[in-house]
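A short write-up of the structure that comes next.
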Protein chains: 2
Amino acid sequence: MDSHLLRTFVAVVRAGSFSAAARELGYTQAAVSQQIASLESDLKVTLLHRRPVRPTEAGARLLDHAEPILLRLRAARSEIDRLGGAPRLRLRVGAAPLAAAHAAGALAAARRAHPRLDAAVRVLPRAGIGAAVATGGLDIGLVDGIAAPTDPLRPDADAPVTAAAVAERPLAVALPAAHPLASRPGLDLRDLVDALWLDAPDVAAPLPDLRRAAGVRDGFRPSLACAGGDLALVAALVAAGHGLAVLPAGAAGHPGLAEVPVRAPRVVHRTELLCPRSPGPAGTAFSAALTADAI
Amino acid sequence: MDSHLLRTFVAVVRAGSFSAAARELGYTQAAVSQQIASLESDLKVTLLHRRPVRPTEAGARLLDHAEPILLRLRAARSEIDRLGGAPRLRLRVGAAPLAAAHAAGALAAARRAHPRLDAAVRVLPRAGIGAAVATGGLDIGLVDGIAAPTDPLRPDADAPVTAAAVAERPLAVALPAAHPLASRPGLDLRDLVDALWLDAPDVAAPLPDLRRAAGVRDGFRPSLACAGGDLALVAALVAAGHGLAVLPAGAAGHPGLAEVPVRAPRVVHRTELLCPRSPGPAGTAFSAALTADAI
DNA sequence: ACTGTTTACGGAGACCGTAAGTATC
DNA sequence: GATACTTACGGTCTCCGTAAACAGT
């Protein structure tokens, strides 16, 4: 089970085709076919259905392992590379939309500590941030999510990064000001299982997280998907009645929008800092500034 | 950075010698030397000091990644293998000494669900249990440790297993009945930083865990190391005045031994169940019995 | 001098590309 | 019949073993 076989296996699954994966990897189709055949004969299972190309049960399981393994291999190389080169004064911060606000103060502290710092901030979807920090694409990550108080987020459990709590804030349900529940002093998420929700996983709390928090398998039906986007768009969509959203209290200001604190279950909006195993001097200064006054 | 190169790298570091690693892996020394040279030229760093053989800084970092990667590769193969074969009615339970008590009831439930079950329990040191569950050496693991209430243990963070809480119990300091603190109603661990402690990490709370809980870097000096062993031995050693130990309240009964509850910091003795990604029918029954009445 | 690592060299095998074969849409 | 995967075959390159050189202890 060689790592480069796993690499092409993952590429084939992602591309949905042997030939497309071959183009992507710079091989011929035949080579890819042989590599998959070799993996399958090694493991004595068929990993892929052909026509259309789609992982079998065993293939899906292998994929669950292959992606973290490849991520970790990239992370290892990246860490060794960083160790060799001189410590550059560079700080690429990647932050999820609702976590980005925390970057400002810490970035200022890092620039104070290193005046010639070459710094940059990018707002990104939560999903890839852990992996990017692990593989050196980012020097620092800021992610957010909902969790029970003091519980860790574990956004990318397989990425070899250190996570530290930055802040925890109460949550609120955003709803149109005219909504019958808008005047309530507080809400229980479990009473909103049957409402219609905005599906904006990059900005608001993702619906699966709400289901988990409420302890239900179904419910929190999406009314409108909103990929990417920013807080203002989500606020406008909620105000326009497209669906509800769970946001940190005080995050969304918009005419026609009301906010009701979440009373139960006991969950909070949590922000975490993701650091590589060997953060450079600037990363250390950044993270020290953020975790000094944490929670 | 091929996985089999990582394999020999890890073997060389562990063996402390190229030739010993070669014997272990069934290669010649020359082959091992070439493999290490190939790794080093690939990463453009020297990974090992020679004579004596010892990892460099970069080698140590690589090792941090290599071991989880190899573990995960073994876990992947094991999971695929298990998927192919018919689901055997076999249940190998591995449990840390203070977690083993929980096995009895759940094992009974599993046997009730599967009368022809081939079951076995082994008491093991905490350390390898997660890896053994991931790689199929065990079907179920039971580990224990100290943590803040409701906080997860994460004993083998890199092993791809699912962890579930089984129980949380208050902690107590075990000390000789004649000890001046034995009559106290409760103790703060931070007041015992300068005491002498029994270093019995397989049974009692490991001293590094106590340091972490108390928030100190030093202290909790070991008086006597006690590898392996069982609860009775630890109790006898404590009663004989060799040092203190932190145990779950009520665990140690021994003449001449006193137990004082830990009042602060707020930590508990927590037991967790470790399951592979695809537990067999018996493992499912076992884990259902244990997590049904959890906490 | 001895133990242990590196380098040199040769053969077996792995791996990929070309090209022909085969199955599915 | 066209598209896409598989199989066959040959060349190249990798990788390991043998053997000799080399370096610490």
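These figures come from a predicted structure and were not determined experimentally. Chain identifiers are assigned alphabetically (A, B, ...) following the order of the sequence lines, protein sequences preceding nucleic acid strands; residue numbering begins at 1 within each chain.
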Handout entry: side chain to side chain donor-acceptor pair (under 3.5 Å) assessment of B:Ser78 paired with B:Arg74
Key = CA-CA 6 Å; B:Ser78 147; B:Arg74 286 195 301 274; over 6 Å; no
Is [Y] paired with [X] through a side-chain N to carboxylate O contact shorter than 4.0 Å?
X	Y	value
A:Arg90	A:Asp139	yes
B:Arg72	B:Glu67	no
A:Arg126	A:Asp156	no
B:Asp42	A:Arg77	yes
B:Arg277	B:Glu79	no

Completion exercise
Against the side chain of B:Tyr27, the closest entry in C:dG17, D:dC16, C:dT5 is D:dC16
Practice task
Check every atom of C:dT24, D:dG17, C:dT5 against the side chain of B:Thr28 and return the nucleotide holding the closest atom.
Solution key: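 For B:Thr28, the side-chain atoms sit closest to D:dG17.
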Handout entry: Residue-level proximity of residues 29-45 of chain B to DNA chain C when a heavy atom falls under 4.0 Å
Key = B:Gln29, B:Ala30, B:Ser33, B:Gln34
Nearest-Å distance, [atom1] ([X]) to [atom2] ([N])?
X	N	atom1	atom2	answer
B:Leu5	D:dT14	CG	C1'	11 Å
A:Leu25	C:dC16	CG	C1'	13 Å
A:Arg23	D:dA4	CZ	C1'	11 Å
B:Arg51	C:dC2	CZ	P	15 Å
B:Asp2	D:dC16	CG	C1'	14 Å

Handout entry: Presence of B:His4 side-chain N/O under 4.0 Å of D:dC16 phosphate oxygens OP1/OP2
Key = yes
Exercise for the section: Check whether any side-chain nitrogen or oxygen of A:Ser19 sits under 4.0 Å from OP1 or OP2 of D:dC5, and answer yes or no. Expected result: yes
Practice task
Give B:Gly26 one of three labels, base, sugar-phosphate or nothing, depending on what nucleic acid heavy atoms sit under 4.0 Å from its own.
Solution key: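 Result for B:Gly26 = sugar-phosphate.
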